[in-house]
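Reading through the structure tokens given below for one structure.
Chain identifiers are assigned alphabetically (A, B, ...) following the order of the sequence lines, protein sequences preceding nucleic acid strands; residue numbering begins at 1 within each chain.
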2 protein chains.
Amino acid sequence: MRTSDKHSKIIGAAITVFARKGFFNARISDIAKEAQVADGTIYLYFNNKYDILISLFEEEIGKIILEVKLLLEKETDPRTMLHIFALHHMQLMGEHKELAEVLQMELRQSNKFMKEYRNTKFIEYVDVVSAIIHKGQKEGVFRESLLPGVFKRAFFGALDETSRLWVLSPDHTYTMSEAAQQISDMFIYGIMAEGRS
Amino acid sequence: MRTSDKHSKIIGAAITVFARKGFFNARISDIAKEAQVADGTIYLYFNNKYDILISLFEEEIGKIILEVKLLLEKETDPRTMLHIFALHHMQLMGEHKELAEVLQMELRQSNKFMKEYRNTKFIEYVDVVSAIIHKGQKEGVFRESLLPGVFKRAFFGALDETSRLWVLSPDHTYTMSEAAQQISDMFIYGIMAEGRS
DNA sequence: TTGAAATGAATGAATAAGCATTCACAAAAT
DNA sequence: ATTTTGTGAATGCTTATTCATTCATTTCAA
């Protein structure tokens with residue numbers, strides 16, 4: 001077992017187990033079994049059960065931030081940027097259901113139970129959205145009256161809740177790309193019929 | 001203690017304790033102490049710890065649905081109806097922070113851990129939104145291309161996430177009414193500056 | 001009217017099960 | 001030979017739930 005990276009193996013196993021049972025119902029021995037490792041080995045790589053969850057967040061959200069920032073790098077139109085963010089988020093959640101379930105559920109818990117822990121990675125992720133709004137306002141494309149702090153939460157919440165339900169329910173009446181398109185259009189252009197104000 | 005309604009007293013205590021510690025970290029004895037009742041008494045009114053959480057959902061969301069349906073009854077303009085829904089939701093969460101925390105956090109858990117339990121009350125609540133969209137589409141006010149199933153989730157998610165962060169953080173840069181106004185405007189009219197398409 | 005018996009609501013100490021974490025030891029690597 | 005890495009049974013704590021008992025109220029026979 002020299003070559004295989006135990007740390008990642010345990011994180012991967014934890015994603016699977018947390019997704020299946022949730023953080024509190026997951027047993028360390030479940031994660032150990034899933035990772036094909038002894039219970040005690042986990043404590044060579046993590047301080048405790050919470051620490052696994054926190055590391056999982058930091059690492060996975062860290063990757064997502066890198067990806068989306070790379071995608072946005074070349075783009076300048078704030079509308080397109082919003083759409084790219086939405087599309088990337090939804091496709092990612094659609095393709096990594098286990099990770100999606102863990103992030104969607106446990107993110108809320110971590111905010112609450114580990115008051116000492118500020119989830120800076122998550123804040124950084126959502127702030128990508130408010131940065132786009134600021135840029136759009138500076139360029140006169142988006143309304144000045146918009147509060148970027150409200151928008152980023154509303155936009156992220158819309159994506160999060162829509163993908164959450166998609167991941168949970170077995171029958172999908174829409175694809176994640178469709179949903180991303182619908183949501184970015186709603187936010188950018190509103191929902192009024194053509195020719196109505 | 002003959003006259004006081006123990007059932008409601010326990011539900012009220014559970015809201016406080018679940019909000020403070022979360023469902024899994026809450027002890028039955030905490031709830032009992034908060035309700036000024038013996039541990040065993042709780043089992044005269046509820047089957048087990050889960051049952052308290054489920055009853056709490058059903059009863060509290062039930063009340064919210066009644067309220068919002070009453071408010072919408074007299075209104076016919078679908079745009080105003082969306083705004084009323086948003087305003088009512090946000091003001092409620094702002095005024096009942098403990099309930100807000102429990103609904104926002106534990107709702108997600110219940111979906112997951114109690115697979116047998118379909119949260120029909122929650123579905124009914126969110127379907128109020130899709131009904132408004134249907135009405136607006138029928139009247140030609142809202143775009144035909146909108147998927148009401150996506151809209152209801154996006155709209156609810158936006159309200160939920162925005163109120164969640166508002167309840168969590170101590171410093172509020174916006175009021176709940178402002179947020180409700182911003183969010184319904186975003187969805188109805190989009191975020192483009194005047195005169196831009 | 002009185003007080004003995006019945007009822008059922010309320011109590012909280014005891015039970016029993018679950019599970020995170022530790023640690024004495026083993027295997028592998030250097 | 002020494003250090004690093006891995007093991008998994010044992011430990012010890014936590015807590016949901018139970019149940020024998022107490023207490024307050026009502027019923028009703030004398």
Side-chain angles (χ1 to χ4, degrees), chain A residues 1-59 102 105-106 109-110 112-117, chain B residues 1-59 102 105-106 109-110 112-117:
Chain A
M1 287 274 150
R2 196 57 172 52
T3 48
S4 72
D5 176 3
K6 292 261 162 62
H7 181 96
S8 321
K9 230 174 145 181
I10 293 168
I11 293 273
I15 292 173
T16 301
V17 174
F18 289 160
R20 190 157 60 228
K21 315 181 105 184
F23 178 76
F24 286 102
N25 289 320
R27 278 170 290 145
I28 289 289
S29 60
D30 292 335
I31 298 173
K33 190 193 279 181
E34 181 74 30
Q36 293 174 291
V37 138
D39 293 17
T41 304
I42 289 181
Y43 290 87
L44 296 176
Y45 295 89
F46 301 92
N47 297 324
N48 50 47
K49 201 178 161 187
Y50 281 118
D51 190 35
I52 304 175
L53 187 60
I54 291 176
S55 306
L56 189 162
F57 283 155
E58 306 259 316
E59 292 174 28
V102 176
M105 283 204 313
E106 312 298 349
Q109 305 236 339
S110 67
K112 192 71 188 112
F113 301 137
M114 318 169 190
K115 302 229 186 206
E116 68 284 9
Y117 165 63
Chain B
M1 288 274 152
R2 202 65 171 46
T3 47
S4 73
D5 177 3
K6 292 263 160 59
H7 180 97
S8 319
K9 228 173 144 183
I10 293 168
I11 293 272
I15 292 174
T16 300
V17 174
F18 289 160
R20 190 158 57 227
K21 313 180 108 185
F23 177 76
F24 285 101
N25 289 321
R27 277 172 290 144
I28 289 289
S29 59
D30 292 335
I31 299 173
K33 188 191 279 180
E34 181 74 30
Q36 292 174 290
V37 136
D39 292 17
T41 304
I42 289 180
Y43 290 88
L44 297 176
Y45 295 88
F46 301 93
N47 297 325
N48 50 46
K49 201 178 161 187
Y50 281 117
D51 190 35
I52 304 176
L53 187 59
I54 292 177
S55 306
L56 189 163
F57 283 155
E58 306 259 315
E59 293 173 29
V102 176
M105 282 204 312
E106 310 299 348
Q109 305 236 338
S110 67
K112 192 72 189 111
F113 301 136
M114 317 171 190
K115 303 227 184 206
E116 68 284 9
Y117 165 63

Grab the CD-P distance between Q36(A) and dT7(D) for me, whole Å please. 11 Å
Here the distance between atom C1' of dA16(D) and atom CD1 of I52(B), to the nearest Å, is 10 Å
From CZ of F24(A) across to P of dA16(D) the rounded distance in Å is 12 Å
Give a yes or no answer on whether the side chain of K49(B) reaches the backbone of F23(B) with a donor-acceptor pair at less than 3.5 Å. yes
Using the test salt bridge (charged side-chain N to carboxylate O under 4.0 Å, His left out), find all partners of D39(B) that sit at least two apart in sequence or belong to another chain. none
Looking only at heavy atoms, the pair that brings V102(B) and F57(B) closest together is O-CE2, 4.5 Å
Nearest whole Å is fine: how far is dA9(C) C1' from Y45(B) OH? 7 Å
Consider the side chain of V37(B), meaning its heavy atoms from C-beta on, and name the nucleotide among dT11(C), dA10(C), dG6(D) that approaches it most closely. dT11(C)
Please report, rounded to the nearest Å, how far the C1' atom of dC19(C) is from the NZ atom of K21(A). 11 Å
As a quick check of understanding, evaluate side chain to side chain contact (heavy atoms under 4.5 Å, CB included) for F46(B) and I11(B), giving each step before the final call. CA-CA 10 Å; F46(B) 301 93; I11(B) 293 272; 3.9 Å; yes
Between dT14(D) atom C1' and D30(B) atom CG, what is the distance in whole Å? 12 Å
Counterpart residues, side chain to side chain contact (heavy atoms under 4.5 Å, CB included), relative to T16(B) (two or more places apart): R20(B), E34(B), E98(B)
Where the side chain of K9(A) meets the backbone of Q36(A), is there a donor-acceptor pair that is under 3.5 Å apart? no
Would you say dG6(D) has OP1 or OP2 under 4.0 Å from some side-chain N or O of K6(A)? yes
I want to verify a distance call: between dT15(D), dT11(C), dG8(D), whose nearest atom is closest to the A38(A) side chain? dG8(D)
Could you state the atom-to-atom distance from CD1 of I42(B) to C1' of dG12(C) in whole Å? 12 Å
How many whole angstroms separate atom CG of L44(A) from atom P of dG8(D)? 13 Å
Pairs under 3.5 angstrom, nitrogen or oxygen only, protein versus nucleotides 17-21 of chain D, please.
unit_1, atom_1, unit_2, atom_2, d
dT17(D), OP2, Y43(B), OH, 2.8
dT17(D), OP2, K49(B), N, 3.2

Taking the inter-plane angle between the rings of H7(B) and Y45(B) on a 0 to 90° scale, is it parallel (under 30°), tilted (30 to 60°) or perpendicular (over 60°)? perpendicular
